[in-house]
Amino acid sequence: MTTQQAGTPGNATTTAETATYVYAVCRQLRAAALTGLPGLAEGFPVRALRCGALTAVVQHVPTAEFTQEAWEQRLSDRTQLERCARAHHEVVVAAAACGPTAPLALATLYRSDERARQALGEDAARFTAVLDRIEGQAEWGVKVSLPAGAPRPLDRTPPDTPQGSGKAGAGRAYLERKRGLHQAREQRHDRALQTAEDVDAALSRLATAARRLRPHGQEMTGAASRRQILNAAYLLPHDRAEELAEAVETWRTRTGAQIELSGPWVPYSFVGEV
Amino acid sequence: MSAHAPVPWDTPGPLAGPLGVPLVDLLDRVLSTGVVVSGDLVIAIADVPLVRLSLHALLSSVSERMPAPWADGGPL
């Protein structure tokens with residue numbers, strides 16, 4: 001439990017040329033499930049590592065290429081970041097084809113297979129609980145966005161027609177207009193929040209578990225004209241996927257919002273909190 | 001209103017393949033979820049352990065270091 005300080009000076013093996021990268025933990029794997037996967041380090045097979053009743057999906061990686069600096073560089077480069085994320089995901093997906101699989105966070109590294117087995121073994125109860133929870137379930141992603149809504153000028157005439165008092169009337173009209181714009185913005189904001197709440201509540205009712213992820217800003221979606229108001233993940237039994245899709249369609253029609261559904265995902269968002 | 005179809009991932013079997021996954025959704029998951037266990041080598045970006053780093057934090061740390069690498073790449 002406490003043997004995992006990062007800086008623990010070990011014996012001679014601390015200078016080992018390879019480290020053990022762990023992708024996921026599952027119960028068991030078909031022998032062929034991982035064959036041919038490149039993973040993150042070419043030339044090193046992605047393989048199963050038995051840890052008591054559990055199986056870790058691991059790969060030896062060259063230690064020199066997986067240092068802090070190497071990661072910083074890797075993640076600063078969009079192409080490398082993507083390659084890395086997809087390689088990790090590809091292994092996770094391959095393992096998940098054999099049964100419930102708990103993905104580990106990116107870049108979980110141990111000094112050796114032995115250390116990985118030891119550390120994961122200490123968490124065996126947690127992994128077992130996670131695997132029980134996600135068995136037969138898949139994660140679905142739902143993103144809801146609305147038009148960003150450029151503040152449109154109010155077309156109604158000011159309530160007090162500014163004929164009475166000339167300048168003062170014009171000033172009041174200006175303030176009214178400002179206030180009107182402000183209110184319109186606030187209302188739009190409230191409506192957006194309400195829509196997000198409504199959709200989330202409805203979909204959560206279908207789900208075993210629900211989780212909100214942070215909405216993506218416009219710099220990430222690349223759609224300046226839309227604002228994402230909900231980025232959520234739902235865990236559902238495999239046989240309820242259709243129900244979810246139907247509910248999404250219903251809410252699309254009802255709200256006019258753009259609702260994107262993605263999945264089925266290995267339940268990444270539902271393995272970290274047990 | 002919008003005619004945007006759901007993200008196309010109509011692969012035959014469940015969890016069949018990673019190819020159609022939009023990167024931004026993938027990073028949401030691969031970076032900031034999953035089981036967090038303490039590894040021997042703790043990788044941190046801007047002092048945030050990578051295993052807890054969100055996509056947002058990553059993007060901002062990346063853009064500090066190298067301005068606007070995403071600008072020409074369109075949406076993530």
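What you are looking at is a predicted structure, and each value in this text was computed from that prediction instead of being measured. Below, read A as the first sequence line, B as the second, and so on, with proteins coming before strands; counting in each chain starts at 1.
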| query | Under the side chain to side chain contact (heavy atoms under 4.5 Å, CB included) criterion, do A:V266 and B:R29 qualify, and how do the steps go? | reply | CA-CA 10 Å; A:V266 179; B:R29 290 167 172 82; over 6 Å; no

| task | Might you work through the side chain to side chain contact (heavy atoms under 4.5 Å, CB included) test for A:E82 and B:L26, ending with a clear yes or no? | result | CA-CA 9 Å; A:E82 173 158 11; B:L26 182 58; over 6 Å; no

| message | Pair B:D28, A:K143 - check side chain to side chain contact (heavy atoms under 4.5 Å, CB included), show working. | response | CA-CA 12 Å; B:D28 256 351; A:K143 294 185 293 183; 5.8 Å; no

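Listed by chain and residue number, A:Y21, A:H88 satisfy the ring pair (Phe, Tyr, Trp, His ring centres under 6.0 Å) test with A:Y23 (two or more places apart in sequence, or in another chain).
Using a 4.5 Å heavy-atom threshold, the side chains of A:R86 and B:V30 count as separate. Looking at A:L81 and B:L27, their side chains come closer than 4.5 Å, going by heavy atoms from C-beta outward.
Residue A:A241 does not touch chain B at all, counting heavy-atom pairs closer than 4.5 Å.
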